[in-house]
Amino acid sequence: MQIIFMVPQILINGLFLSLLYILMALGFNMIFGIMGVVNFAHGEFYMLGAFIVYQMVKLMNFNYLVGLSIAVVMVGALGMLLEPVIFKRVRKIEAGDFVVSLALAFILQSIALMIWGPEDLGIPSVYTGIMRMGSLVIPVERLMTIAYSTALLIGFYLFVKFTRTGQSMRAVAQDAEVASLQGIRVEKVYVLSFGIGCALAGVAGALISPIFSIFPYMGGFALLKAFIVVVIGGLGSIPGAVLGGILLGMGESFISTFLGGAVSDIMSFIGVLILLIFKPEGLLRAK
Amino acid sequence: MKKRDFGRCFLIGALLLTSIICVGRTATAAEVLKIGICTAQTGPGAAWGLAVQHGVEMAVEDARHEVVVGGKTYKIETIAYDDKYTGKDGVAAVNRLISMDKVSYIIGSNSSAVAMATKDIVTSNKVLWFPGSFARKLLSPETKNLFRVICTPIEYGPYFAAYISKYLEKAYPGKEKTFAFFSPNDESGWDSEKYLSEALEAQGCKIMFKERYERGVKDFVPLLTKVLAANPLVVDCDGSSPGDAGLIIKQARQLGFKGQINYSGGPGFEDILRIAGPEYSEGMLGYSPQNVDAPQYLNMEKRHQEKYRSPMNSLLLNYYIAATALLEALKAAGTVEDIEKVRGAVENLKLKTQFGGLKWVGQKDYGINHQILLSQYVGTIQNGKVKIVASTYTAE
């Protein structure tokens, strides 16, 4: 009987995880889908988003939302700077983006280590209190993170679907050459896409910064989750990233609760292996 | 100058220069005592790992970076490598210390994964080793060159459990003393969970849950959801790292848990305060290997803050004492090369530092008296400050 009462709680826990995974995977998938770049430094942009909020809020006493906004803009701007300066130059080299992004990951980790040190850091809770609905207990902080993530995802969808820039991005993702012939400035789209992709990772890091601890190597774990989501959903597929995020987040929440954290990790990887064997392109192949 | 003459001059000059460098190096090497440090400088275990390194460095600093052994003055050089709290990196670090740096004395790691992975390498190389891992299997008559320098749950568990049991009876009268343990899924976590839960059960406590998680997990809400639904009286962060313990505490309180929270697996009050914040960590009880209220401790803390610009983890003093003990043993043995003699000197050492006495125990539990026993305390967090509430054992 107790298990039935736990289900709504598990669903809310899963929703929180799912939205974070979707934000991470969306950025990763967007960069791959439009540019064909596998960005192994994606987790480090997530890490930077968290550290920038830490710096702004904990050390410089900024308001959290101001700190979050600054973090997103800074991480996005860094992405837009790195694309033409580094990634563009290795685009035609085989495995160039792979090597460059790995190197970038190490560099960003080392910079974070030098600036903020190796120890786990935290920022005080931004929203305190608990919302109770029967047996359901939702910390307000997590509820706000769910709300912000949902708003961001809706905004992202509207941007990609209904704006001219979003349409240009979709056109380049389908066929860069033809898009170029249609007058779309492909290089500009690449820069913007990379920036937005990194900003999505940055915002995920910024959103979790008051909830989890912050340390220079946190990006590796996040990147691994993004990879799993992308494998489940399909590399390059935005709807696939959403589906994959939901499946992974909900799956982890249920399995962790009933079988423990260690089993949850094992099951995630078993699931990925099975999917790769029977449906290697993922559940929703990119069009 | 002819080409041939120039060539001869060049050769003679190069030979002279090489000789000077070699003689200089030999002279320098004979005057250096190398102490290796294998510890987590980065990653989730860094809070404890840096305590290892800083403890040794501060002891060496207090010895003015030199020691007189057998009438000869040795400059002390500490060489630290990052084991990242994992067996794989620990093996690399220890191999480097022994093979490349040729150290005969290693202090750390405090990771059981590292200690168990490197045990055979260290013991087969005639190195005197001072790790701080909880792993029970580490210490035995076969590892005679090993001295464990932190108290494990086997040593402090019974005293800590006795205090906690009495405290719960007073603070929560009439309530069943039920516990939920959260432990990392590795050697440290398993050992800590086993011995602490045994000690608590011996005091009439009931362990309802033993939840294990992989190091690196930051979201404990799924595990807490199941556990808190059963309404335990105590959530114990057991052998979790201080950073993870801070998250467990924060997330448990955010889910509305109002019971007692303990951290029985090791020191880390400052780190918990940093992650969980004063509001959520209020009233937390934890094992402390040091009296953090004592003036000498506070002086050390201030010195650490000035030198390293970060709060001190109280575990540091175990390694400060270990390094001090090693230097005193070297003096007593009168040699830095004869490991057997130095080992004997460590075993017979009568040391009393400003932080208390030191005793070697362990014959009953491990078959060899190479387990350190230091004074033990219970601490709490009140109004954002760490306070010692009890002394559970005093080492003379």
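Numbers restart at 1 for each chain; the letters A, B, ... are given by sequence-line order, proteins then strands. These numbers were taken from a predicted model, which means no experiment stands behind them. The basis for the numbers below is simple: all heavy atoms, side chains too, and nothing from hydrogens, waters or symmetry mates.
Residue A:Phe215 holds its CZ atom at 10.0 Å from CD1 of B:Ile275, rounded to the nearest 0.5 Å. One finds the CD atom of A:Gln9 at 14.5 Å from the NZ atom of B:Lys226 (value rounded to the nearest 0.5 Å). Distance check, rounded to the nearest 0.5 Å: OG1 of A:Thr128 to CD of B:Gln254 gives 9.0 Å.
Contacts between B:Arg212 and chain A at a heavy-atom distance below 4.5 Å involve the backbone alone (N, CA, C, O). Proximity to chain B is absent for every atom of A:Ser264, based on heavy atoms less than 4.5 angstrom apart. Contacts of B:Leu247 with chain A are made by side-chain atoms alone, with heavy-atom separations under 4.5 Å and no backbone atom involved. Only the side chain of B:Leu50 comes within contact range of chain A, with at least one heavy atom under 4.5 Å from a heavy atom of that chain. If you measure heavy-atom distances from A:Phe212 to chain B, the contacts under 4.5 Å come from both the backbone and the side chain. A:Ile208 does not touch chain B: none of its heavy atoms, backbone or side chain, sits under 4.5 Å away. Only the side chain of B:Tyr280 comes within contact range of chain A, judged by heavy atoms closer than 4.5 Å. When heavy atoms are compared at a cutoff of 4.5 Å, A:Ile214 does not approach chain B at all. For a residue to count as touching a neighbouring chain, one of its non-hydrogen atoms must lie under 4.5 Å from one of that chain's; by this rule B:Arg253 touches chain A with the backbone only. With a 4.5 angstrom heavy-atom cutoff, B:Gln41 touches chain A only via backbone atoms. No part of A:Phe254 comes within reach of chain B, as not one of its non-hydrogen atoms sits under 4.5 angstrom from that chain.
Taking the side chain as every heavy atom from C-beta outward, A:Leu113 and B:Thr42 approach each other to under 4.5 Å. Side-chain contact between A:Pro139 and B:Gln251 is absent, with no heavy atoms from C-beta onward closer than 4.5 Å. At least one side-chain heavy atom of A:Asp120 sits less than 4.5 Å from a side-chain heavy atom of B:Lys218. Considering only heavy atoms from C-beta on, A:Arg142 comes within 4.5 Å of B:Asp219 through its side chain.
When A:Ser213, A:Gly122, A:Gly129, A:Gly117 are compared by the number of non-hydrogen pairs under 4.5 Å with chain B, A:Ser213 comes out ahead. Chain B forms the most heavy-atom pairs under 4.5 Å with one residue out of A:Ser125, A:Pro216, A:Ser253, and that residue is A:Ser125. The greatest number of non-hydrogen atom pairs below 4.5 Å with chain A, out of B:Leu223, B:Asn185, B:Leu224, is found for B:Leu223.
Residue-environment remark: NZ (B:Lys302) stays at or below the threshold of 12 foreign heavy atoms within 6.0 Å. Within a 6.0 Å sphere centred on CE of A:Met250, other residues, nucleotides and ligands contribute more than 12 heavy atoms. Taking a 6.0 Å sphere around OH of A:Tyr127, one finds it holds more than 12 heavy atoms contributed by other residues, nucleotides or ligands. Atom CE of A:Met144 has more than 12 heavy atoms from other residues, nucleotides or ligands within 6.0 Å.
The shortest non-hydrogen separation linking B:Glu214 to A:Asp265 is CG-OD2, 3.3 Å. Of all heavy-atom pairs spanning A:Ser256 and B:Pro222, the tightest one is CB-CB, 3.5 Å. Among all heavy-atom pairs drawn from B:Leu255 and A:Val137, the shortest one is O-CG1, 3.3 Å.
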